[in-house]
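Below, chains carry the letters A, B, ... as their sequence lines are ordered, and counting in each starts from 1. Below, each value reflects all heavy atoms present in this structure, side chains not excepted, and no hydrogens, waters or symmetry copies.
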Number of protein chains: 4
Amino acid sequence: MSARAQGSKKRTRIQVQNEQRIMDAALEVFSTYGYRGSTVDQIAQRAGLSKPNLLYYYAKKQDIYVAVLEHTLSDWLQPLTKLDPEGEPAEQLWNYIECKLELSRSAPKASRLFANEMLHGAHNIEPYLRGELKSLVEEKCGVIQVWIDAGKLKPIAPVHLLFMIWATTQHYADFDAQIKALCQDKREECFGKASTTLKTIFLDGLLP
Amino acid sequence: MSARAQGSKKRTRIQVQNEQRIMDAALEVFSTYGYRGSTVDQIAQRAGLSKPNLLYYYAKKQDIYVAVLEHTLSDWLQPLTKLDPEGEPAEQLWNYIECKLELSRSAPKASRLFANEMLHGAHNIEPYLRGELKSLVEEKCGVIQVWIDAGKLKPIAPVHLLFMIWATTQHYADFDAQIKALCQDKREECFGKASTTLKTIFLDGLLP
Amino acid sequence: MSARAQGSKKRTRIQVQNEQRIMDAALEVFSTYGYRGSTVDQIAQRAGLSKPNLLYYYAKKQDIYVAVLEHTLSDWLQPLTKLDPEGEPAEQLWNYIECKLELSRSAPKASRLFANEMLHGAHNIEPYLRGELKSLVEEKCGVIQVWIDAGKLKPIAPVHLLFMIWATTQHYADFDAQIKALCQDKREECFGKASTTLKTIFLDGLLP
Amino acid sequence: MSARAQGSKKRTRIQVQNEQRIMDAALEVFSTYGYRGSTVDQIAQRAGLSKPNLLYYYAKKQDIYVAVLEHTLSDWLQPLTKLDPEGEPAEQLWNYIECKLELSRSAPKASRLFANEMLHGAHNIEPYLRGELKSLVEEKCGVIQVWIDAGKLKPIAPVHLLFMIWATTQHYADFDAQIKALCQDKREECFGKASTTLKTIFLDGLLP
DNA sequence: AATGAATGAGTGTTCATTCAT
DNA sequence: CATGAATGAACACTCATTCAT
């Protein structure tokens with residue numbers, strides 16, 4: 001019986017450890033080379049396992065891929081949950097933006113894994129997109145709409161505001177190659193300038 | 001001798017026609033499946049050529065890829081060149097943003113091709129990034145800085161403004177799958193709301 | 001991980017057996033059709049393995065080729081090592097010649113494999129030629145020179161004597177097709193006459 | 001109608017010139033890479049012709065190969081014809097040996113082409129081997145036998161003497177790579193020592 | 001006499017996956 | 001749990017040869 005087939009049964013220490021190793025290796029490899037560009041061998045090697053042993057934990061390449069996607073997605077989602085309807089909109093939104101930018105800085109691989117999946121049609125996470133994510137987004141868009149209705153924010157389409165936030169923050173992870181080519185600043189300094197520019201534009205706009 | 005090896009010599013009608021077909025097919029296929037996920041067979045089939053015939057025009061898979069990248073890159077660059085230092089900043093920037101958004105709507109495949117290349121390290125277009133693109137970006141950042149110094153724009157880091165514009169507009173092409181999942185609006189309506197939201201935030205900011 | 005990549009680790013019974021099978025098949029095929037004329041499929045079939053299974057043991061066609069070359073080279077070298085400085089020159093040399101001729105008779109494929117590699121520039125065994133072989137040749141040329149200086153041999157260039165011995169004995173393996181066409185004798189008889197002719201000429205020369 | 005199909009009809013100047021170019025290119029390429037290792041493209045390029053144009057002269061790769069083999073074979077044969085029954089055996093044989101050694105020096109490619117064909121079974125020149133060559137060899141062996149019967153040569157098997165001469169002289173062309181590796185002498189010096197060693201051994205033998 | 005265009009049949013190599021132990 | 005061994009299906013790329021002009 002394969003490890004996966006055991007469902008929710010308790011796992012040995014080795015099982016837990018190896019699964020973590022596999023997830024780490026898979027994130028590393030998939031985010032760098034994409035799904036088709038990655039090989040099971042690569043992941044096995046990076047995880048310090050033999051290929052058949054790796055396939056003992058996850059029977060198919062796609063299973064590994066889906067598992068690592070799901071792992072990272074929950075982290076990806078979390079910051080949005082903290083958007084507090086009771087708080088001040090400017091502070092709440094800026095907190096969220098800052099948090100997302102920090103994630104792009106500290107976990108760019110997860111961002112790239114996610115972006116890659118999107119680019120190719122997101123077939124492996126459609127249920128998640130149309131389920132968990134959609135619910136949360138609708139809830140938080142409601143919050144933003146409340147703020148707008150209360151005159152605390154300019155009247156914009158809430159979901160497109162979220163798209164803007166995601167796009168601008170994840171850009172620093174996903175388009176890292178371009179940024180490195182165009183920005184001579186060191187990484188820290190670059191993220192610093194990004195932060196202040198984002199803050200100015202999102203909150204105050206370009207015009208004086 | 002392969003068709004490519006002839007260098008700058010004049011091309012036959014058939015050559016021109018087939019090369020165009022190949023570029024179209026390659027954009028379609030590479031943008032959908034990525035480099036590794038695409039097969040020469042697929043491209044040949046879509047171009048209506050036999051595989052060896054395709055390789056008669058471009059000797060290697062990577063040659064096709066680089067060719068289609070270069071083809072699309074020139075289109076991608078052009079809108080920025082039209083940013084006019086003599087014009088009004090608000091109008092000029094908004095024109096640019098609108099133009100980029102329109103490109104994401106009308107040519108999403110090109111955007112995805114480009115995004116994919118970025119995600120994987122941009123090894124095939126580094127020379128372009130550090131050459132042509134960098135020069136143009138530096139020039140236009142100079143223009144923006146002049147506007148800032150003249151008090152016509154808030155003091156932000158020009159290159160990060162460009163990053164924001166690119167990120168937010170290309171997002172509608174690159175993350176199409178996510179947008180479709182989260183936005184029940186029809187395509188036109190969605191781009192309409194995107195446009196007004198972008199305009200509000202970039203020019204005026206969120207705060208009232 | 002491929003079998004070869006394990007380096008010097010101990011090998012399974014199956015590994016040893018299959019590697020031997022591959023070496024036999026490769027000698028057969030490469031010596032008959034040359035490197036480029038041989039296909040991995042041919043070798044696999046002759047070894048009773050599937051093509052990918054063959055490539056599990058030797059990752060590349062050239063690896064098989066180099067391996068079989070190295071295998072046969074050590075056998076090829078050995079007779080020369082037995083040239084004894086203490087012995088009588090005539091006897092020692094004649095033993096060597098006879099031994100080499102016998103090798104051409106019993107292992108013509110090895111001879112042809114080696115000749116083929118030579119004809120094409122010996123790029124795969126240069127290190128061997130300039131290393132192991134050269135050392136041995138220099139040592140044995142020293143021995144021959146001592147015999148010459150002692151007046152026990154006519155004054156000839158020792159290394160060219162070796163070339164002559166190699167050329168004349170290996171000729172019976174390498175130019176087998178020609179010999180068959182020109183010599184109606186049966187194989188045994190032909191080698192018999194070859195032996196006496198070589199003996200006469202090498203030791204006594206043509207002139208009475 | 002192809003050029004070849006015209007048989008013995010007179011050829012235009014261009015035809016003659018191109019055929020010569022092709023023969024030169026084919027000798028160069030085939031002798032270096034072997035039959036299977038050579039491509040029609042390579043030969044065409046070296047001959048300064050387009051591939052289809054080359055195939056206008058020789059319809060198939062094998063036709064080119066056979067043609068160049070036949071071309072070189074006649075040159076290869078010729079020295080033996082000059083062995084004069086009326087002359088002194090020692091002088092006649094030495095002339096022949098010297099002549100063959102000189103050919104190995106000046107036309108090593110032809111030698112290698114021939115050797116390669118031999119190694120692979122000589123299927124393309126069997127008719128020649130069993131016809132023209134065999135007749136000539138039998139005739140000249142008769143001459144040598146006469147010399148032996150007259151007591152002017154040691155009693156050896158004449159055809160094996162020829163084999164020895166061929167083997168030892170052609171060795172300097174065919175095993176060039178090995179000779180270069182083992183012999184630090186410059187080319188001229190090496191052939192000089194070869195010549196004197198051959199002379200000593202063939203005529204007088206090793207023993208004093 | 002010459003060439004651009006096209007292709008079928010390979011050919012080495014990769015890789016996800018399976019099997020036996 | 002783990003691994004050595006094996007394989008079918010694909011895939012990029014090659015090459016002799018043909019066709020149309």
Side-chain angles (χ1 to χ4, degrees), chain A residues 1-3 11-12 14-15 18 36-44 49-64, chain B residues 1-3 6 9 11-15 17-18 36-44 49-64, chain C residues 1-3 6 9 11-15 17-18 36-44 49-64, chain D residues 1-3 11-12 14-15 18 36-44 49-64:
Chain A
M1 198 194 301
S2 89
R11 306 187 186 164
T12 64
I14 285 188
Q15 268 178 2
N18 278 346
R36 288 287 303 265
S38 305
T39 74
V40 175
D41 252 332
Q42 269 178 305
I43 299 170
L49 299 172
S50 71
K51 188 162 53 166
N53 197 17
L54 168 56
L55 291 169
Y56 169 80
Y57 290 95
Y58 298 91
K60 295 168 159 275
K61 185 186 180 185
Q62 206 183 358
D63 293 350
I64 315 173
Chain B
M1 199 194 302
S2 88
Q6 296 175 346
K9 278 187 193 171
R11 304 186 186 165
T12 324
R13 222 167 317 137
I14 289 186
Q15 243 176 56
Q17 188 200 33
N18 279 345
R36 288 289 300 266
S38 305
T39 74
V40 176
D41 253 333
Q42 268 178 308
I43 299 170
L49 299 171
S50 72
K51 185 164 54 168
N53 197 186
L54 168 55
L55 293 168
Y56 170 74
Y57 290 96
Y58 296 90
K60 296 172 160 270
K61 186 186 179 183
Q62 206 184 354
D63 293 349
I64 315 174
Chain C
M1 199 193 301
S2 89
Q6 297 175 346
K9 279 188 191 170
R11 306 190 184 163
T12 325
R13 221 170 317 135
I14 289 187
Q15 243 174 55
Q17 187 199 35
N18 279 345
R36 287 289 301 266
S38 306
T39 74
V40 176
D41 254 332
Q42 268 179 308
I43 300 169
L49 300 171
S50 71
K51 184 163 54 166
N53 196 187
L54 168 54
L55 293 169
Y56 170 75
Y57 291 95
Y58 298 89
K60 295 172 160 270
K61 185 186 179 183
Q62 207 184 355
D63 294 349
I64 315 173
Chain D
M1 197 194 303
S2 88
R11 303 181 190 170
T12 63
I14 285 188
Q15 269 180 0
N18 278 348
R36 287 289 301 266
S38 305
T39 73
V40 176
D41 252 332
Q42 270 179 306
I43 300 169
L49 299 172
S50 72
K51 187 162 53 166
N53 197 16
L54 167 56
L55 292 169
Y56 168 80
Y57 289 96
Y58 299 90
K60 296 167 157 274
K61 185 187 180 184
Q62 205 183 0
D63 293 350
I64 315 174

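- Residues passing the side-chain contact (heavy atoms from CB on, under 4.5 Å) test with D/D63 are D/Y58, D/A59, D/K60, sequence neighbours excluded.
- Remark: C1' of F/dT14 and CG of B/L54 are 14 Å apart, rounded to the nearest angstrom.
- When the side-chain nitrogen and oxygen atoms of D/N53 are compared with OP1 and OP2 of E/dA1, none of them lie within a distance under 4.0 Å.
- Here the CG atom belonging to B/L49 is positioned 7.0 Å from the OH atom belonging to B/Y57, to the nearest 0.5 angstrom.
- Between E/dA5, E/dA1, F/dT7, one nucleotide has an atom nearer to the side chain of C/S50 than all others, and that is F/dT7.
- OP1 and OP2 of E/dG4 both lie 4.0 Å or more from every side-chain N or O belonging to B/Q15.
- Not a single salt bridge (charged side-chain N to carboxylate O under 4.0 Å, His left out) links B/K61 to another residue, sequence neighbours left out.
- Residues forming a salt bridge (charged side-chain N to carboxylate O under 4.0 Å, His left out) with C/D41 (at least two apart in sequence, or on another chain): C/K51.
- Under 4.0 angstrom from either OP1 or OP2 of E/dA6 there lies no side-chain N or O belonging to B/Y56.
- Between the OG1 atom in D/T39 and the CZ atom in C/R36 there is a gap of 8.0 Å [rounded to 0.5 Å].
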| request: For DNA chain F, produce a single dot-bracket line, 5' to 3'. Pairs: Watson-Crick or G-U wobble, both distances under 3.5 Å. Symbols: ( ) within strand, [ ] crossing, | other strand, . unpaired. | output: .||||||||||||||||||||

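- Note on A/Y57: a side-chain N or O is less than 4.0 Å away from OP1 or OP2 of F/dA2.
- Atom CD of B/Q17 is separated from atom P of E/dG4 by 18 Å (rounded to the nearest Å).
- Using a 4.0 Å cut-off, no side-chain N or O of B/N18 falls inside it from OP1 or OP2 of E/dG4.
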| said: Strictly under 4.0 angstrom, non-hydrogen atoms only: write out the protein contact profile of nucleotides 16-21 of chain E, one letter per nucleotide from the 5' end, B, S or -. | reply: BBB---

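- Within the model, atoms CG of B/L54 and CD1 of B/I64 stand 4.0 Å from one another, a figure rounded to the nearest 0.5 Å.
- Distance C/Y58 OH to E/dT13 C1': 18 Å, rounded to the nearest Å.
- For C/Q17, the side chain to side chain donor-acceptor pair (under 3.5 Å) test picks out no residue, with sequence neighbours left out.
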